[in-house]
Number of protein chains: 8
Amino acid sequence: MKHKGFVDLGFAKLDITREKRRGFPEIIYSPGKNPAHLKKIIKRFVTYTKLLFVSRVNSETRASLKEEFPAMRFYDSCGLAFLGTPRRGKKGNCLILTAGTSDINVAEEAAIFLELTGNRVERVYDVGVAGSHRIAPYKRKIQSARVIIVVAGMEAALMSLVTGLTSAAVIGVPTSVGYGASFKGMAALLAMLNCCSPGAVVVNIDNGLGAGYFAHIINK
Amino acid sequence: MKHKGFVDLGFAKLDITREKRRGFPEIIYSPGKNPAHLKKIIKRFVTYTKLLFVSRVNSETRASLKEEFPAMRFYDSCGLAFLGTPRRGKKGNCLILTAGTSDINVAEEAAIFLELTGNRVERVYDVGVAGSHRIAPYKRKIQSARVIIVVAGMEAALMSLVTGLTSAAVIGVPTSVGYGASFKGMAALLAMLNCCSPGAVVVNIDNGLGAGYFAHIINK
Amino acid sequence: MKHKGFVDLGFAKLDITREKRRGFPEIIYSPGKNPAHLKKIIKRFVTYTKLLFVSRVNSETRASLKEEFPAMRFYDSCGLAFLGTPRRGKKGNCLILTAGTSDINVAEEAAIFLELTGNRVERVYDVGVAGSHRIAPYKRKIQSARVIIVVAGMEAALMSLVTGLTSAAVIGVPTSVGYGASFKGMAALLAMLNCCSPGAVVVNIDNGLGAGYFAHIINK
Amino acid sequence: MKHKGFVDLGFAKLDITREKRRGFPEIIYSPGKNPAHLKKIIKRFVTYTKLLFVSRVNSETRASLKEEFPAMRFYDSCGLAFLGTPRRGKKGNCLILTAGTSDINVAEEAAIFLELTGNRVERVYDVGVAGSHRIAPYKRKIQSARVIIVVAGMEAALMSLVTGLTSAAVIGVPTSVGYGASFKGMAALLAMLNCCSPGAVVVNIDNGLGAGYFAHIINK
Amino acid sequence: MKHKGFVDLGFAKLDITREKRRGFPEIIYSPGKNPAHLKKIIKRFVTYTKLLFVSRVNSETRASLKEEFPAMRFYDSCGLAFLGTPRRGKKGNCLILTAGTSDINVAEEAAIFLELTGNRVERVYDVGVAGSHRIAPYKRKIQSARVIIVVAGMEAALMSLVTGLTSAAVIGVPTSVGYGASFKGMAALLAMLNCCSPGAVVVNIDNGLGAGYFAHIINK
Amino acid sequence: MKHKGFVDLGFAKLDITREKRRGFPEIIYSPGKNPAHLKKIIKRFVTYTKLLFVSRVNSETRASLKEEFPAMRFYDSCGLAFLGTPRRGKKGNCLILTAGTSDINVAEEAAIFLELTGNRVERVYDVGVAGSHRIAPYKRKIQSARVIIVVAGMEAALMSLVTGLTSAAVIGVPTSVGYGASFKGMAALLAMLNCCSPGAVVVNIDNGLGAGYFAHIINK
Amino acid sequence: MKHKGFVDLGFAKLDITREKRRGFPEIIYSPGKNPAHLKKIIKRFVTYTKLLFVSRVNSETRASLKEEFPAMRFYDSCGLAFLGTPRRGKKGNCLILTAGTSDINVAEEAAIFLELTGNRVERVYDVGVAGSHRIAPYKRKIQSARVIIVVAGMEAALMSLVTGLTSAAVIGVPTSVGYGASFKGMAALLAMLNCCSPGAVVVNIDNGLGAGYFAHIINK
Amino acid sequence: MKHKGFVDLGFAKLDITREKRRGFPEIIYSPGKNPAHLKKIIKRFVTYTKLLFVSRVNSETRASLKEEFPAMRFYDSCGLAFLGTPRRGKKGNCLILTAGTSDINVAEEAAIFLELTGNRVERVYDVGVAGSHRIAPYKRKIQSARVIIVVAGMEAALMSLVTGLTSAAVIGVPTSVGYGASFKGMAALLAMLNCCSPGAVVVNIDNGLGAGYFAHIINK
């Protein structure tokens with residue numbers, strides 16, 4: 001059944017006017033959806049958009065989708081899946097930094113999203129403040145970027161350091177990397193929210209996709 | 001042994017006067033009960049009521065109960081089990097909304113409970129504020145309902161939006177859907193408790209049954 | 001004493017190259033600084049910049065500064081003080097929304113900052129979801145803005161609603177407006193971090209200035 | 001300026017269609033509003049409704065309003081103010097219980113609201129479980145009520161006890177009465193959310209008005 | 001190696017004078033100890049005491065201990081193990097109450113400990129406030145007990161109710177029974193700490209043994 | 001009006017059978033009660049008991065009560081007030097320890113209560129573990145006491161140390177003494193709840209009266 | 001009365017052997033002590049030590065002590081008071097850094113303590129990561145110090161940056177500087193505990209004295 | 001690719017100047033790194049240092065590394081792995097205490113690190129305050145140590161007791177040993193941060209390596 005502005009599958013109401021309204025179609029969040037529902041949603045949505053993303057796909061769901069949609073691409077590091085035609089071109093100038101190697105999965109969610117949607121992305125990984133000289137060769141990039149995504153767990157000090165060096169917009173993604181009093185990313189989240197430099201904002205813990213999406217908006 | 005108003009099984013005291021006192025018999029909460037105890041409770045209770053519900057039945061318990069009570073119905077989406085005779089009729093006017101598809105399991109616990117106890121239920125699923133136009137075709141239903149249950153995780157904004165549109169009683173069920181700083185439903189719970197519109201109340205996280213029960217009381 | 005890139009007053013090291021490096025001079029945070037220190041910092045800084053902001057000025061500090069710097073402007077609603085020459089022009093397109101009237105002070109911190117730094121600002125106050133039709137006349141503005149700042153306390157549902165309507169970048173400022181389980185803005189903060197729509201980011205509780213600054217960067 | 005469905009005062013947008021839409025006009029929350037704004041809001045609103053409530057009025061605001069609106073009634077125990085014509089009649093059957101004497105102020109916010117809006121209210125105060133026999137003479141009232149509001153701080157056990165005795169709808173209002181590990185009402189709030197009996201719901205800490213409003217809806 | 005007052009095994013220092021000093025030997029906490037260490041500790045300790053308890057024994061550890069110490073008794077409901085000679089006699093008058101059937105495992109830890117150490121124990125299980133009449137037949141027992149242990153999860157209201165009825169010493173054991181905002185027993189813990197009646201104290205969540213031990217001291 | 005077992009003042013229901021039922025009359029908690037109510041309660045209660053305690057009396061309430069009840073005794077260190085006839089005799093053997101001098105006020109609430117109710121009390125103040133040799137001269141007292149109250153803030157290590165030395169019942173009172181991460185007594189509370197020695201229980205933060213009352217029960 | 005190793009004043013037990021045992025006399029914590037007690041403690045202690053510190057002296061206490069002990073020195077920035085003879089010499093090499101000017105008061109508590117106890121102290125204030133070039137001229141000092149104290153609020157990123165540059169022992173003091181989600185220093189505390197570089201430790205929020213004391217031990 | 005001061009592997013930037021800069025090479029944190037990445041990092045790093053540590057190696061990673069690096073040593077109790085040449089000599093005087101046997105794994109992480117890096121280490125395990133006489137034979141060691149590491153869970157009282165006995169630097173490691181209200185080590189962490197004796201500092205929960213590293217710095 002098709003209502004004004006959405007397709008009603010009963011268990012789901014596909015927001016088919018989102019792309020027109022917001023410049024980007026709905027992204028399908030997979031956790032908690034049963035596989036049959038998920039497939040029906042995708043089948044229907046694919047007729048409305050060329051940019052269909054499914055997020056947080058686990059290995060079981062992946063297997064099920066792979067069979068049904070052979071053309072779907074899977075990015076295992078971060079659980080993204082994509083069906084459609086990537087936007088061409090490499091617009092703008094997005095820089096993605098991680099504090100450590102363990103933060104890469106979250107960073108890739110942002111990076112892959114940005115690449116498939118036609119943005120220029122540069123990755124600089126593992127430049128946390130434990131060895132802050134590692135950031136020196138990238139200072140120029142940091143200063144000339146339009147938008148920077150900083151992905152960091154533990155105490156997330158990299159975000160504050162980077163924000164102090166640039167006129168770019170800085171988006172912080174706290175990660176759940178750490179143990180003990182990191183409380184699954186809460187320490188990093190609070191640190192980023194209390195960034196002593198203006199010019200930085202924060203998304204939810206491990207929300208690489210949200211950071212990528214926001215960077216895409218700024219980068220336009 | 002039968003005391004005044006309850007049956008004493010030693011490990012359990014069946015509250016057999018609850019139906020008379022409260023208009024509804026005891027609902028059996030299954031987690032933490034050992035299977036032998038659970039069966040004995042049900043066997044005894046079934047002689048006192050025609051509305052025997054068991055909640056949060058997992059697959060193991062389900063298998064065990066199925067064998068013992070062939071007439072028992074199981075609702076797998078939400079873990080409810082029912083033994084007895086559903087109340088006839090479709091009284092009143094209950095509307096159940098979910099913000100997303102992932103909230104459906106919790107919503108079904110309320111919906112099935114209400115249907116088996118003789119209430120008219122209408123489901124409108126997946127109308128979260130990310131695409132608030134999806135709610136437009138249901139405005140009349142929202143305005144004419146006697147009681148509305150809003151099931152939502154993450155930031156649970158749907159509850160505040162709906163409460164602002166209706167003179168119905170609104171019951172919010174925060175769900176544990178989300179990740180990171182949703183802290184297993186706490187973000188949704190706090191949001192609902194701080195609803196800027198009067199006319200809304202809240203039950204525990206994922207407590208679809210509690211919302212259904214309360215709606216049943218209002219709906220009488 | 002003047003080191004490379006900063007002026008050393010002993011108790012403070014003025015970051016006089018920040019304007020060149022970041023496109024904006026240091027903003028002076030007044031809480032916790034003793035009045036004598038604060039005055040010395042301002043006297044020295046004013047020789048380096050035409051955009052000197054002091055934030056969170058209380059009435060006592062205000063009196064002390066007013067005497068010393070007759071040209072300083074004070075914005076009492078939000079505690080901002082400004083010394084210098086406002087940037088001319090009204091660039092870009094920033095929209096500032098509040099959920100309620102009690103959120104205005106925080107919103108003004110963003111608005112005044114943006115105006116003094118040469119941005120076009122539009123204010124739409126008191127459009128919270130308790131009466132969501134109030135937002136209808138502003139839908140076009142919401143859709144055509146480059147960046148939107150949403151200032152909201154309690155459950156902060158306005159941010160999610162607005163994000164779902166626009167392709168603009170949305171910056172959420174949770175406020176400490178509320179009582180009980182709002183826990184001084186924590187409910188609003190968590191709600192905003194869990195926004196179900198991508199396209200939104202968050203700053204610290206009551207941090208209107210941080211939101212204004214970030215909007216200024218995007219708006220450039 | 002009058003838009004469709006609201007009056008725009010700039011700093012506030014009066015929701016003048018709320019009474020038609022929701023059956024009840026907007027209630028004005030006074031904290032955080034400056035006195036001049038508050039007066040303007042009231043002056044305008046009073047032309048649209050006969051049921052104008054202002055909540056959480058402190059003594060300073062009270063003095064200011066008293067002068068401006070001589071006809072306004074003030075209920076000092078709970079900070080409510082009322083301007084207009086109380087609804088006549090004593091419909092329905094609302095019972096308000098408090099656990100202790102210190103919870104009365106919050107209870108009165110509910111009681112006065114209900115009385116002014118035409119509901120029958122019965123108060124039974126100071127019947128906490130420390131002396132549970134005090135509740136015995138009221139058992140019949142508890143069983144015959146349509147809706148019960150339980151106001152309790154500390155561990156709020158009264159709510160669970162009462163819910164187990166009645167087929168009425170029970171609304172819990174946790175109060176900030178207590179000290180130490182009551183954490184300003186959080187202990188009572190969590191206790192009420194975890195009520196072992198179905199049939200109970202919860203509003204925000206100290207939110208007597210919210211409970212009264214919801215009871216009014218059920219009671220209709 | 002034997003030092004003054006303890007036996008040194010290197011990885012453990014057996015407190016062999018505790019029985020003399022405190023009237024009771026050390027109780028061995030099994031979690032986190034490797035099986036070889038645990039066996040060595042038991043072998044050595046058993047030469048010093050006739051009351052050797054091991055707590056929180058899981059099934060794997062149980063199997064390992066069973067083989068090594070055939071005389072050891074295992075109480076599976078609560079994970080206690082005992083080696084030695086139970087104290088004879090049934091001194092005093094301890095009453096153990098649970099709110100629900102799911103709280104029994106924790107209660108049994110207290111009950112079995114008390115029985116093996118020579119105390120008279122009476123169990124009254126499943127008398128939570130959802131059906132408070134179930135407690136009526138036990139009022140005399142509640143009033144004549146020397147010490148009462150109340151084991152309850154969720155909102156733990158039973159403890160406050162019982163404390164208001166008796167001159168006995170009441171020990172509350174919050175359990176992790178519940179879901180959502182019970183936060184693994186924290187709601188019950190806070191409720192018990194805020195008990196409105198004096199005469200009650202609290203132990204750690206699920207700490208049946210600690211309650212049993214303390215009752216044993218009082219009961220002497 | 002006098003109901004069965006209580007006197008009904010409307011705003012309060014005096015539990016006049018508590019002394020018979022529980023061995024001790026109601027203790028009046030003063031915070032949040034208005035002065036007129038408080039006086040009426042006391043006037044009426046004093047006709048029923050010779051042991052009338054009012055707790056947490058602040059200086060304003062004290063002045064008001066002093067005038068009305070010249071015979072009332074006030075214990076300023078802890079806010080207790082007493083009207084009646086102290087119980088004679090010094091039964092039993094209660095030992096009260098504090099970790100520091102700043103914990104004395106809370107300890108005195110327990111001590112004075114115990115003395116007025118006919119218990120033998122011994123005070124040993126300022127023996128915290130920062131200088132644990134200070135406890136050595138009191139080891140015999142610690143070992144021979146029937147019940148020990150340990151009052152401590154900060155990390156409250158004294159409780160665990162003392163519990164390890166005695167066969168007495170140990171009651172811990174966490175205090176709000178401390179700063180920063182003591183979080184107003186939460187650190188002390190958690191430490192006491194996690195006491196590694198069995199034989200100890202806990203009351204609410206700063207609840208000296210609750211500890212005294214419980215000691216009185218044990219001491220009987 | 002003088003026991004073995006301490007002087008007993010009843011309300012306090014002076015630990016007069018602490019200096020011998022620990023190399024440093026007791027430091028007197030003033031909050032919560034009544035003025036008469038405090039004076040008696042100081043009078044007695046001063047006969048045992050030449051290094052008498054009183055911490056967290058507020059202005060009222062200061063006035064009272066000044067009159068009684070004319071020779072006492074007061075350091076108003078941080079609330080320290082000192083009576084005795086400072087240790088001569090400037091041993092070792094302690095560097096104290098603050099992130100901002102608002103952190104100075106806490107830093108001075110450490111600095112003054114270290115100077116009075118004979119340590120060489122160097123202060124470098126206001127070098128937070130918002131302008132990280134300000135730290136460049138001090139890199140040599142950072143690398144050659146024996147121990148570094150980093151005092152920082154908000155997100156406390158300075159500590160991680162500094163730890164990554166040095167082989168010195170780094171002690172972090174989180175401060176309560178900040179607002180909103182800094183939660184009175186908790187954000188800074190968690191950040192410091194999660195420092196990604198080994199070589200750093202943490203003391204309580206605002207505990208400058210504790211950091212100074214520990215530095216003094218290392219510096220010996 | 002080799003930049004100034006680090007080797008760039010793309011996914012990781014090896015900080016090869018850390019040993020020179022900080023006196024110790026980078027320690028590789030294994031969680032969250034994929035096995036292929038981990039091996040490449042180790043292969044490259046081993047050409048730069050003789051002290052290569054990998055931390056928190058789980059059994060799966062261990063198997064994979066064992067095959068690739070036959071010379072690597074694995075310390076299973078604590079998850080450390082080491083490749084290179086241990087530093088000779090047994091410098092200084094480090095004492096490691098645990099409160100219980102269950103804390104040993106965390107203690108061993110510190111102990112093994114210190115031994116491999118050339119420090120003298122003494123272990124005294126299981127001397128918690130439940131039997132505080134067990135610490136008596138070690139008082140001399142406690143007084144003569146240069147640095148003491150105290151590893152404790154639950155209420156962690158051992159740290160305060162030990163700090164009060166020594167002039168050594170005391171480093172506390174809270175462990176996640178405990179249950180219920182220990183909240184995975186948070187109770188121990190808060191207790192240690194609120195240590196009533198100066199002279200003690202804290203590292204993250206279960207961070208034995210961090211404590212060992214810091215002790216190594218002091219011990220130099």
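Chain naming here is simple, since letters A, B, ... match the order of the sequence lines and numbering starts at 1 in each.
- Rounding to the nearest 0.5 Å places OG of B/Ser64 at 7.0 Å from CG of B/Leu38.
- Applying a 4.5 Å heavy-atom cutoff, the residues of residues 202-220 of chain A that approach chain B are A/Asn204, A/Ile205, A/Asn207.
- If you take CG on A/Leu161 and SG on A/Cys196, they are separated by 9.5 Å, rounding to the nearest 0.5 Å.
- Neither the backbone nor the side chain of A/Pro174 comes within contact range of chain B; no heavy atoms are under 4.5 Å apart.
- Using a 4.0 Å cut-off between charged side-chain N and carboxylate O, A/Asp8 and B/Arg134 make no salt bridge.
- With values rounded to the nearest 0.5 angstrom, B/Lys50 atom NZ is found 11.0 Å from B/Arg87 atom CZ.
- For B/Asp15 against B/Phe45, the heavy-atom pair with the smallest separation is N-CZ, 3.9 Å.
- Taking SG from B/Cys94 and CD1 from B/Ile148, the interatomic distance works out to 10.0 Å, rounded to the nearest 0.5 Å.
- Relative to the ring axis of B/Tyr29, B/Arg56 does not place its NZ or CZ within 45° and under 6.0 Å from the centre.
- Of all residues spanning residues 95-125 of chain B, those with a heavy atom less than 4.5 Å away from chain A's heavy atoms are B/Thr101, B/Ser102, B/Ile104, B/Val124, B/Tyr125, arranged by number.
- For the pair A/Leu83 and A/Arg73, the minimum side-chain heavy-atom distance is 4.5 Å or more.
- A/Phe11 contributes atom CZ, which lies 5.5 Å from atom NZ of A/Lys40 (distance to the nearest 0.5 angstrom).
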Inset, instruction - Please step through side chain to side chain donor-acceptor pair (under 3.5 Å) for the pair A/Thr49 and A/Glu19, ending with a clear verdict. - result: CA-CA 8 Å; A/Thr49 183; A/Glu19 194 158 2; 3.0 Å; yes
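- Looking at B/Ala136, neither its backbone nor its side chain comes within 4.5 Å of chain A, counting heavy atoms on both sides.
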